[in-house]
Protein chains: 2
Amino acid sequence: MKKGHQVTMKEIAKKLGVSVSTVSRALKDSPELHEETKKRIVELAKEMNYQPNLLAQSLRISKTKTLGVIVPEITSHFFASCISGIQDGANRRGYNVMICQSNESIELEMSNIKTLVASQVDALLISLSRETNHYEHLDDLYQREIPFVLFDRVYEVMPVTKVTFNDQGGAYQVTKHLLETGCRRVMYVSGPEDLYISKKRKEGYTQALEEFGIKPDPKLIKVTDLTLEKNIEVAQEIIDMDERPDGVFCMIDPVAVDVLTHWKSQGIKVPEDMALAGFTNNPTSAVVEPPLTTVSQPGYEMGKLAVNHLLDQLEGLASDEPISIVLETTLVPRKSTRINS
Amino acid sequence: MKKGHQVTMKEIAKKLGVSVSTVSRALKDSPELHEETKKRIVELAKEMNYQPNLLAQSLRISKTKTLGVIVPEITSHFFASCISGIQDGANRRGYNVMICQSNESIELEMSNIKTLVASQVDALLISLSRETNHYEHLDDLYQREIPFVLFDRVYEVMPVTKVTFNDQGGAYQVTKHLLETGCRRVMYVSGPEDLYISKKRKEGYTQALEEFGIKPDPKLIKVTDLTLEKNIEVAQEIIDMDERPDGVFCMIDPVAVDVLTHWKSQGIKVPEDMALAGFTNNPTSAVVEPPLTTVSQPGYEMGKLAVNHLLDQLEGLASDEPISIVLETTLVPRKSTRINS
DNA sequence: ATGAAAGCGCTAACAA
DNA sequence: TTGTTAGCGCTTTCAT
């Protein structure tokens with residue numbers, strides 16, 4: 001399959017009997033040109049449907065006006081929202097975006113970085129894979145002074161700009177909500193314990209308990225690997241407990257949805273038997289029965305903020321000093337938690 | 001924010017006292033080199049962490065090994081799945097992918113095409129925006145011999161490769177299912193009538209009715225613009241009908257979910273009062289109460305097929321003749337339709 | 001087996 | 001006001 005020919009400056013120049021530089025100047029509206037020539041060139045360019053070759057341009061000025069984005073999973077609604085925010089923010093400022101997904105694999109994450117760097121992206125926005133537990137590839141970027149920011153799934157000690165949610169605060173809010181609506185034995189269903197968000201949300205959970213004078217009970221913490229099977233296993237374990245909790249806070253909505261589904265199949269009533277809450281505000285959480293109390297994390301905003309700050313830095317509008325941007329979350333109370341009065 | 005320096009062939013050449021061409025040859029493992037020189041070069045390159053500048057390479061060989069993708073909405077689960085399939089397929093064959101979303105706007109669609117073409121992508125995969133009702137921008141691509149395929153939202157008469165689902169077949173399946181489970185007054189809730197899928201699914205709906213000897217009744221067709229408000233309005237109109245349908249097939253899941261939610265709030269029981277079915281098999285359709293009967297469209301497969309055929313064409317493994325690939329859908333019966341026996 | 005040179009399409013310093 | 005020249009990093013003939 002052949003590819004059609006693209007009009008170049010050279011051709012325009014030849015047709016008009018001027019030099020390529022004149023064409024170049026005319027096309028970027030340089031003031032030092034004769035109005036007449038400029039007009040002729042611009043008109044012919046339009047007529048011939050000239051499109052600049054961004055490749056050549058980038059090579060020449062060593063800037064691609066392209067950003068690389070790496071997310072763990074494009075099909076996750078949250079990350080899709082982030083991407084959407086990044087795209088919109090980038091486009092508005094004349095930048096393009098190359099998106100890669102790591103599929104939660106550190107290998108792919110590293111190879112994604114490699115190709116994006118080879119493609120000469122001006123900077124990167126990265127959300128780390130679940131598997132990522134060593135950070136040479138990030139160190140390498142840092143070493144080579146390739147600008148990047150981390151968002152949502154960050155490596156805390158990396159001295160670059162990081163954009164995160166106040167996970168602890170969100171977990172605090174939702175746990176407090178459970179306590180305020182009458183729960184006294186609140187359980188936390190955590191994801192893998194080395195995950196940043198697992199830890200942070202646990203901290204918020206503990207904080208709320210302590211504020212209510214409740215001593216955290218290790219029996220009231222369960223861990224899932226986030227697979228459907230394990231989620232169901234955990235759901236069943238909760239049913240089987242001698243002393244069941246009266247409220248359960250799951251680290252992310254999908255876990256809560258799986259738990260809910262299993263419970264319903266086992267005749268457990270939510271919130272009457274046990275209250276249930278999630279985190280993230282996925283679309284599904286709103287449509288399950290009963291609708292799930294959760295914590296909303298605006299991914300679109302996160303993406304937009306991250307890209308805007310990155311571009312501010314790139315373009316010298318903001319200091320290069322790495323900063324940490326923390327977005328607040330909001331509690332979304334729904335029927336899966338008791339509306340006590 | 002400055003960007004770090006990248007090692008070039010020139011530097012390697014200088015360090016080793018050889019020419020750039022020799023380095024180039026060594027790095028692509030040309031057979032006509034002295035083994036010894038080759039080894040020295042390759043080793044030094046690795047040591048210096050040399051990464052080829054894809055920009056320069058692309059400019060030279062006029063191939064970027066990059067594909068452009070345009071989807072209406074990245075946050076839609078279906079399109080995210082398509083993208084995922086496209087990415088995986090492309091990466092496996094050494095290609096990168098630049099993704100854009102049109103936000104269902106023809107303006108953005110056109111400008112996306114423009115930037116992708118300017119970025120010299122080797123080919124495009126496009127799913128048209130809802131707004132797209134004229135096609136000069138596609139004609140233009142065609143004229144300029146820039147390879148592209150259309151997927152899911154296609155322009156039927158365009159002589160390029162198109163990948164679609166058997167929408168008519170899917171609609172037929174689900175309507176037939178409604179009829180087989182006892183419905184006799186089956187309604188079709190359509191999206192905007194100029195949409196390709198609105199039409200195709202209506203055809204399948206009509207076909208099933210006719211097969212059951214039922215004459216299509218214009219009163220049993222309603223149209224929504226797919227907004228929440230209009231969906232609810234339609235849901236209420238159905239409730240208010242003198243002669244209600246006993247089964248409703250909505251063109252896409254989100255509509256069905258909105259209808260279901262509204263009905264539940266009005267005390268309508270599904271499927272007892274009316275059966276309900278959707279199309280697409282969105283994640284939400286599985287978790288609503290009752291779970292929604294729907295038709296599954298594997299987006300990942302669609303993306304993979306589309307990209308593989310495109311690359312086959314690009315690389316001469318398949319004929320350039322445009323073909324039409326039609327994927328079959330599968331009925332996913334759930335509790336929102338009566339399980340009659 | 002290796003090097004010199006040209007050129008991909010563009011920009012920009014320097015000349016004129 | 002415009003042209004000439006060099007060069008971004010790479011590949012690829014053509015010499016040697």
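Every chain is numbered from 1 and lettered A, B, ... according to where its sequence line falls, protein lines coming before strand lines.
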Calculate the interatomic distance between [X] atom [atom1] and [N] atom [atom2]; express it in whole Å.
X	N	atom1	atom2	result
L16(B)	dG3(C)	CG	P	10 Å
K28(A)	dT1(D)	NZ	C1'	18 Å
L27(B)	dT2(C)	CG	P	14 Å
L54(A)	dC10(C)	CG	P	10 Å

Acceptor/donor pairs from residues 24-33 of chain A side chains to any protein atom, 3.5 angstrom cut, sequence neighbours excluded:
| from | atom 1 | to | atom 2 | distance (Å) |
| --- | --- | --- | --- | --- |
| D29(A) | OD1 | K38(A) | NZ | 3.2 |
| S30(A) | OG | E32(A) | N | 3.4 |

- Message: Going by ring-ring contact (aromatic ring centres under 6.0 Å, His included), name the residues that satisfy it together with Y135(B), two or more places apart in sequence or in a different chain.
- Response: Y155(B)

- Query: Which comes earlier along DNA chain C counting from the 5' end, the contact point of S24(A) or that of P31(B), where each point is its nearest nucleotide?
  - Reply: P31(B)

Kindly list each side-chain donor-acceptor pair under 3.5 angstrom involving residues 14-22 of chain B, sequence neighbours excluded, with atom names and distances?
| from | atom 1 | to | atom 2 | distance (Å) |
| --- | --- | --- | --- | --- |
| S19(B) | OG | S21(B) | N | 3.4 |
| S19(B) | OG | S21(B) | OG | 3.2 |
| S19(B) | OG | T22(B) | N | 3.3 |
| S19(B) | OG | T22(B) | OG1 | 3.0 |

- Item | Distance-only side-chain donor-acceptor flag, N308(A) / R92(A), under 3.5 Å | no

- Task: Using a 4.0 Å heavy-atom cut-off, write out nucleotides 2-9 of chain D from 5' to 3' as B (base contacted by protein), S (sugar-phosphate only) or - (no contact).
- Result: BBB-BBBB

Please table the atom pairs, donor to acceptor, closer than 3.5 Å between any side-chain atom in residues 94-107 of chain A and protein atoms at least two apart or in another chain.
| from | atom 1 | to | atom 2 | distance (Å) |
| --- | --- | --- | --- | --- |
| Y95(A) | OH | E315(A) | OE2 | 3.3 |
| Q101(A) | OE1 | I74(A) | N | 3.0 |
| Q101(A) | NE2 | S84(B) | OG | 2.8 |
| S102(A) | OG | E104(A) | N | 3.4 |
| E104(A) | OE1 | R130(A) | N | 2.6 |
| E104(A) | OE1 | R153(A) | NH1 | 3.3 |
| E104(A) | OE2 | R153(A) | NH2 | 3.0 |
| S105(A) | OG | E107(A) | N | 3.3 |
| S105(A) | OG | L108(A) | N | 3.0 |

- Task: Output all residues satisfying side-chain hydrogen bond (donor to acceptor under 3.5 Å, both in side chains) with S127(B), sequence neighbours left out; order by chain, then residue number.
- Result: none

